[in-house]
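Worksheet: the structure to be examined is printed underneath.
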Amino acid sequence: MISDALTKALNGQIASEFTASNHYLAIAAYFALGSLDGWADFFHRQSEEERGHGLKILQFLIDNDAEIHLPAVAEARTDFADALEAVCSALTSERKVSGQFDALAALATENRDYRSLQFLQWFISEQVEEEATMGKLVDLVKSGVNLFEAQQHLPSAEDAEVDAENE
Ligand code: FEO
C-alpha cells in the first residue's frame with residue numbers, strides 16, 4: 001500500500017506528464033510546420049517519453065492497488081514566436097516538473113511512504129538529464145546557428161535508446 005497523500009499526488013503527476021507530452025507534441029508541430037523535420041522528430045520522441053512517464057506512474061498506482069483518476073489534459077499552444085521561445089518553453093516545463101518531483105519526494109518523506117520515495121528516485125535522476133538536454137538546445141538556438149544545419153547536432157533516436165538502456 002502507498003499513502004493516501006501520495007495516491008492523490010501521483011494521480012496529479014500523471015496529469016503533469018501528459019500535459020508535458022502534449023506540450024512537446026505542440027512544439028514538434030511548430031517545427032514540422034517550418035519544415036524543420038529533425039527538430040520535429042526530436043520533440044515528437046520527447047512527447048512519447050513524457051507519455052511513458054505518465055504510464056510508468058499509472059502502473060505504479062496499479063501495482064499498489066491504489067485509486068486511479070485519469071486527468072483531463074489542457075490544450076497546448078503551438079503559436080510560438082520563434083524557435084527560441086519554443087525551446088525555452090521546454091526548459092521551463094522541465095524545471096517545473098523537477099520541482100514537482102522534489103515536492104513529491106518531500107511529501108513521501110513526510111508520510112513515511114518509503115516505496116513511493118524509492119519509486120520517485122528514478123524521476124528525480126531523469127529530470128537532471130532532461131533539464132540538461134533542454135538547456136543545451138536553448139544554448140544551440142541562442143548561438144544563432146542555422147536551424148536546418150543544426151539538425152545534425154540534435155540528440156538522435158539512437159542516443160535516446162542508449163540512454164534508456166543505461167537507466
Ligand atoms: Fe516527465 Fe521531463 O518530465
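In listed order, ligands and their atoms are each counted from 1. Just so we're clear, the structure is a prediction, and the values are computed from it rather than from any experiment.
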For Asn111 and Ser3, indicate whether the former's side chain and the latter's backbone hold a donor-acceptor pair under 3.5 Å. no

Sequence neighbours excluded - ring-ring contact (aromatic ring centres under 6.0 Å, His included) pairs with any residue from residues 70-113: Tyr30-Phe80, Phe101-Phe123

Those residues at least two apart in sequence (or on a different chain) that pass salt bridge (charged side-chain N to carboxylate O under 4.0 Å, His left out) with Glu85 are Arg77

Residue pairs fulfilling ring-ring contact (aromatic ring centres under 6.0 Å, His included) with at least one residue in residues 4-26, sequence neighbours excluded: Tyr24-Phe43

With a cut-off of 2.8 Å, which protein N/O/S atoms are close to atom 1 (Fe) of ligand 1, if we only count those under it? Glu17 OE1, Glu50 OE1, His53 ND1

Matching residue for Phe60 among Asn64, Leu58, Asp63, Ile62 - test: side-chain contact (heavy atoms from CB on, under 4.5 Å): Asn64

Main-chain N/O of Phe148 paired to Gln151 side chain as donor or acceptor, under 3.5 Å: yes

